Structure formats: C-alpha cells, structure tokens
Amino acid sequence: MSATTQARYKVGGMDCASCATKIDTAVRRMPGVEDVSVSVASGTMTVRHDGTGDLVAIEKKVVGLGYSLRALGRGKLPITPIEGEIRGTHDHDHHHHAHDGAHDHSPHDHGSTEIEGLHGHDHGPMEGPWWKSAKGRLTILVGVALAVAYGIGHLLPAYDAYIFTAAMLIGLVPIARRAVMAAFAGTPFSIEMLMTIAAVGAVVIDASEEAAAVVFLFLIGELLEGVAAGKARQSIQSLTALVPKNALLEENGRAREVPAESLAVGAIILVRPGDRISADGIIIAGESAIDEAPVTGESTPVAKGIGDTVFAGTINGDAALRVRVTAAAEDNTIARVVRLVEEAQESKAPTERFIDRFSRYYTPGVVAVAALVAILPPLVGGESWSEWVYKGLAILLIGCPCALVISTPAAIAASLSSGARRGLLMKGGAVLETLGKITAVALDKTGTLTAGKPQVTDVIAFGRNAEDVLRFAAALEAGSSHPLAVAILAKAADDEVEIPAAADARALGGKGVTATVEGQEVFLGSPKAAAERVSLPMAHSRRITGLNDEGKTVSVLIVGGVLAGVIAMRDEPRPDARAGLKALTDAGIRTVMLTGDNARTAAAIGKDLGIEVRAELMPEDKSRIVGELKSEGFVVGKVGDGINDAPALAAADVGIAMGGGTDVALETADAATLHGRVGDIAAMIELSRRTMRNIYQNITIALGLKAIFLVTTILSITGLWPAILADTGATVLVTINALRLLRVRAV
C-alpha cells in the first residue's frame, strides 16, 4: 500500500484565525504537501505530505512568518480518508532551541525550531503574566512611547507629527515585516498588511497622532486575543495537570516513589487513600470509592474492587489499593482525551469551511471598497482627498475578517473542551455540528441501555424458603465466572447468605450444574432440564412462563429430588436509561432499540423503557435499519459499544460509542462517552445545539459591528480609532462569547 507521511507541530504565538490562515496558506504552497490542518485553539499544525516534502523548508517557512515550532510526532500513514480519525502521535520531550536566527537542523531532527525576536517581533507562546510576554512588552513600550509623544507634542507642537510618527514606527515596524513575509508566503491581504497601509496612509494625510494611537490599539487587541486564546487552550490542557507526577511503585514487597511517566505496563503501584491514581490500571487488591469527576464528570464516587478498571487522575477514596498498570503515561485515558480534542480541533466544521472560503473573497472585496471610497468622491465629485482617503483607511481596518474567521473555531474549540471535561468526546467540528441536527437515535441494548451484567430479580420458593433457595444455588455456583453464576453469588453476598460447601460439582452441558450439598443432591438448571428430573406443576410452569415473558432468564433449583424454587435473572436497564431516553424524546428525537437478543426479552426491556424495539438482529441488520431511517429523512445517531455495532456505527450520520475510555470506544466511532450514561447522548446533542447558537451569535456580532461602523465612517461620525476598536473589539467579544461554552451546564 502506498503511504503518506504526517508531521505534527506545536505552534507558538498563533493566537488568532489570521495567524492560522497565513500558516495554512504558506505551508500548503510548499512542494510535496498534500494537506495542512492548523488549529488556533490547540496551537497545533499537522502536515501530510507524499514523502518528498522538505520538512526543514516547511519549518523554516513557518518560523519565517514569526512563529515558533516544536515537533510533536511524525510517522507513516496509509493513504486513506483521515478526517475525524485519531492518529495518536505522541509528544516527545527531546526538543531543543535554535538561537540568533540560526536553524540549521538536519531533516532528521524531530525537535523544535524556536527563534525569538525574529523580524523584530516575538510571536512566542502566551505563557505566564501577559506583561512578561514579548507581545506584552511591545505593547507597553508603544504605550509609553505614545504617552511620551503626547507630552513632548504639547511642549513642541511644531514637531508633533514627527514625534507621533516615531512612536508609531516602534510598533509598526514588526507588524509591517510580518505583513511582507505573509505576502511573500501567499497572504497579501493579511490584517498586518491592512494595518500597515492604514497607518502609513494616515501619516501621509497628516494624521500621525491617530496612526500612533491605532497601532497601539491594534497591539492591545492582539494581546487580548493572545490571552483569550491561551485561556481556551488551558481549559483542555489543564486536564494533564490532574495526573500526579509521582507514583508508588511496588517491587519485591516494598514501595518506592518513582516518576509516573516511567511506569511500564504491568507494573504494580500502591495508591493510598486520598491520592490521585497515577496511571490507568486494574485493581488487584483492595476496595474503595473512586472519585472519577476529573475524568468522567461523574460527581458521585464509584465503588470499585478487584478486577475493576481505574483511570489516571481520578482520586482514591477511603482504602489503599494495589493497581496493575495497563497503559503507559502517554497512552492513559487523560492523554488520549487531550490528544483527541486537540486533533479534533484541527478538523473543520462545514460552517467553518464556508466562513474560510467566504473570507478569501471578503477581504479583497473590502480592500476594493476602501479604495473606491478613497478615490471616487474626490475624482468624481471634487471632494476633499484628505477626508475620503481617511475614510478609506478606516474602512480597511473595519473590514479585517479576524472576528468573522475566529467566530466558528473559537466556539467549536470551547465546546470540544467543555465536552471533554464532562466525558463527552467528539472527533472534530463536523461531528459536533452534525450532532445538533440528529432527529433519530438508534441504541444497542446490551451494555448501552442495560448494564451488560445479569442481576437476580426474583428468588421464588416452592418447596423451601427463599433463603434456602439462594443458599443452595450459590453453593453450586461458587467459583464459577459464568455471568449467571456471578449474578447469583452477588445476590447471596448482598443478602449476607452463608454459603455451604459443595462436593462432586459437575457441569451438565446445556442443562445446568449439579453437586452434593449438606448430604443432598442439588441441581440448578433450565426449566426444560428440570422437567426431565421432576414434574413441574401447572401453577409453577405458568409462573416460570410469566417470568420469561418479562425477559428474564429462569433457573430451577431441585434439592434431594424435590422442586425447591426458581431464581430469575435479567440484564437490567441502566439506572439512568429511562431518564436519558426521555431527554431525547423531549428534544424531539425518535428513539429505537436495535438488539440481537430474543424478541421476548427485548420487548420486555423496551416496554420498561418506553422505546421502539427491533430485535433478533444480525450486525448487518442493524446497519440496514440505520440506512432505512436515513432514507426516511432522519439524521441518525447510532449508539453502541463500538465493537459488534461497527457496521451500524459507520452507517449512521454520527456513531457514538458508549464505554469507559477504552481504545475501541475512543477510536471506533465519531463520538464517545467516557462514563457511558444514556443521558450523555442528550447532553452531547444539547451541547452541539448550544454551540451552533453561539456560532450564529458570533457571526452576527462580527458582521453587525462592521456594518454599523462602515456606515458611521462614511457618514463621518467615526474615524480610525473606532475602526480599529470595531475590529479588535469584535474579535475579543466573539472569543469571550465562545468561552461561555466552557461553563458546564447540566442537561
């Protein structure tokens, strides 16, 4: 199979949609590049190329635009559609830095290329207090220069034009250099270019004081964008801080503290009460309540014991645990969630792609309108050149598409992060957008609507009391791992029944089990097999048939050749299933259960839950029914465990996997729920709908402010200062509005 190569980078200083567009345009023009995905929200860039691409040249091109780079991972990928898939490249910490403008690393260097102060402007990452960043320092410097210019201008009014021009140039030179680099890289109509033209034009028409103020306001806007973008990134990256740095590794019966990242799969760790668990694993000793809220959003601690799975970053409750590690640090649940969300943010939604295409024509159109406003009135109507050139320059600044372009990705990034913190994982903006359009949801039964584990529902005594029935049955099943045996033993434990010893235990293929208990021969098996041993009175047969009609599996107990009683078991609905399905129907969504189970059992569960049922289905039948729903005009979401439902998950508009953060749950479907609650499906759809409302609000804010200031500029009500405020203000407003999605809201 032919292969393509993927390289993934962390990009420093990419704080707005304009930055992403410049990088995308520049890299896409490089030889051998097949596709580029740039995410402002996660600060990453993924480059796919045919193997002939020069990665060093690509890195130099991005660094030349004034950004810093750090490689996250590279590898060979089969040439297949990759939208929405998890790639799982890992962040290697062996990066290094280039200094003094040098970046002479080899093509095999998987490290970073970081150059500070390139072209007089450090586009470095916004970390720590804003005033310590290069952007912050430049903004403060220009602000001080502007204040000094005002002071000196009052003392020496004859020279104020030169003084304000000098103050302006401190901020404009790095902006202009970035504009030139972007133009050479294929983005002539960047915000930096519009800003440069407007500032130089203002000086030419003797408005140097306003030019200096506009440059200062522009830098403030960039700084605010950087702070806002940093806040959005931190919302998901803060998850990584949940995993403790150290772990107690148990070796030769002794525990010693080691770095959590050094834990190997199979290692045994000790987790003390109150400690955060340092790795994904399986409990091999101990029982405790685990607070999983950091990973799944579930506020109630979950009781866990031997054989149960635990996640890195969750909090152990009241007892010590010994845990066998099942995933290395870079592959634990939190690492996979962070990686999934970051890569999902690179997958553009349809609305975002439309806005991108629109902005390509919008910005040149604005430049053309600004030119016409500046030239036509003086030429045709004999108006003042100074007045109309000033208005044209103001329109240039108003027309910057930053707020419009960031309106969609900012909302999607905030939504993906908010969802991840609640255990709702969505693979990209396209999935997030489609979720809100769902009109029908098809759900698997076992493990999705039900717990996937049979539970004893009825213990009915015929010849003995109920405790004896449970006691003898548990004696036969002691030590068995069969799901029905586990259910009986769990019921005996809950009822604190003392289980007697059994001797000569034998399994009778397809019929049941038999053993000697307290000196009597005891049999537990199917009603049919029991009828071969003793006669079943008509009343008892009718009782058993009634239990079967309720979707329950019935085992008959015979003690000493006498009918003793029956035990009925069923895979019960999840506690939240009924409420979760009601939330979906209340949202106007049709629900249907698709199951391979027998029709009688499925109908009983369906009746309990109030859901339409299709039973006795093969995997291809489930896929066919999803197709039928789509042909009826429904937008279909399919919910399953991500394994035997794979065909139906693929056939649906959105496949949603239920599961506890397993690889299958995270990689098979378009979306996944970490804690597997049915109510999470409705929560995911509601989050999508909130996100789309937020996006429409953002687009309205961006275009509405521009329209208002366009009219007021032409009417001479506003000028250059309000124009730049209209641009940066709209960008900041849109970003703040998008960040509202980070607030967790119960459904």
Side-chain angles (χ1 to χ4, degrees), residues 66 117-122 130-131 133-181 183 190-224 367 370-371 373-375 377-378 382-400 709 712-729:
L118 188 71
H119 308 305
H121 178 85
D122 176 20
W130 64 266
W131 59 86
S133 69
K135 277 186 180 180
R137 291 196 300 269
L138 179 62
T139 305
I140 291 170
L141 178 61
V142 173
V144 170
L146 187 59
V148 170
Y150 272 114
I152 297 176
H154 280 293
L155 295 175
L156 303 169
Y159 299 98
D160 65 347
Y162 303 106
I163 295 166
F164 280 112
T165 300
M168 177 206 70
L169 287 174
I170 294 173
L172 186 64
V173 168
I175 295 171
R177 286 183 172 174
R178 283 158 52 200
V180 171
M181 293 300 295
S190 64
I191 174 59
E192 288 87 358
M193 184 63 78
L194 301 184
M195 183 67 231
T196 302
I197 294 170
V200 171
V203 171
V204 170
I205 62 172
D206 200 25
S208 55
E209 179 180 338
E210 281 195 80
V214 164
V215 168
F216 177 55
L217 290 172
F218 174 79
L219 291 172
I220 289 176
E222 274 207 325
L223 186 63
L224 290 173
V367 173
V373 167
I375 295 170
E383 301 288 338
S384 164
W385 278 97
S386 176
E387 177 187 349
W388 286 94
V389 167
Y390 180 89
K391 290 179 179 179
L393 296 175
I395 289 171
L396 268 186
L397 297 179
I398 292 168
C400 169
F709 279 91
T712 56
T713 297
I714 291 175
L715 295 177
S716 301
I717 298 171
T718 56
L720 284 178
W721 292 32
I724 194 66
L725 285 174
D727 170 52
T728 57

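Only heavy atoms go into these numbers, but all of them, side chains included; no hydrogens, no water, no symmetry mates. For clarity, every value in this text was computed on a predicted model and none was experimentally measured.
- Considering only residues two or more places apart in sequence or on other chains, Y150 meets the side-chain hydrogen bond (donor to acceptor under 3.5 Å, both in side chains) condition with E209.
- Within the structure, no pair that satisfies the side-chain hydrogen bond (donor to acceptor under 3.5 Å, both in side chains) test touches residues 195-208, not counting sequence neighbours.
- Side-chain contact between I395 and I714 is present, with at least one heavy-atom pair separated by less than 4.5 Å.
- The line from CG of L156 to CD1 of I163 is 5.5 Å long, rounded to the nearest 0.5 Å.
- Side-chain contact between P722 and T712 is absent, with no heavy atoms from C-beta onward closer than 4.5 Å.
- The nearest pair of heavy atoms linking L146 to A212 is CD1-CB, 3.6 Å.
- Scanning all heavy atoms of the two residues, the minimum distance from A394 to A723 falls at O-CB, 3.5 Å.
- Here the CG-CD1 distance, from L169 to I175, works out to 10.5 Å after rounding to the nearest 0.5 Å.
- Remark: A374 engages V389 in a side-chain contact (heavy atoms from CB on, under 4.5 Å) (not counting sequence neighbours).
- Taken from OH in Y159 to OG1 in T165, the straight-line distance is 14.5 Å, to the nearest 0.5 Å.
- Nearest heavy atoms, L720 versus Y390: N-OH, 3.1 Å.
- Residues F216 and G143 share a closest heavy-atom pair of CE1-CA, 3.3 Å.
- Interatomic distance, L138 CG to I170 CD1, rounded to the nearest 0.5 Å: 9.0 Å.
- Looking at residues two or more places apart in sequence or on another chain, you find a side-chain contact (heavy atoms from CB on, under 4.5 Å) between V367 and F189, L194, L396.
- Residue A167 comes nearest to V142 through the heavy atom pair O-CG1, 4.4 Å, listed as atom of the first residue, atom of the second, then distance.
- Taking every heavy atom of both residues into account, S384 and P378 meet most closely at O-CG, 4.1 Å.
- For L155, there are no side-chain contact (heavy atoms from CB on, under 4.5 Å) partners, not counting sequence neighbours.
- Separation of atoms OG1 (T718) and NZ (K391) is listed at 9.5 Å; rounding is to 0.5 Å.
- By the side-chain contact (heavy atoms from CB on, under 4.5 Å) test, A199 is found to be paired with M168, L172, M195, V215, residues two or more places apart in sequence or in another chain being considered.
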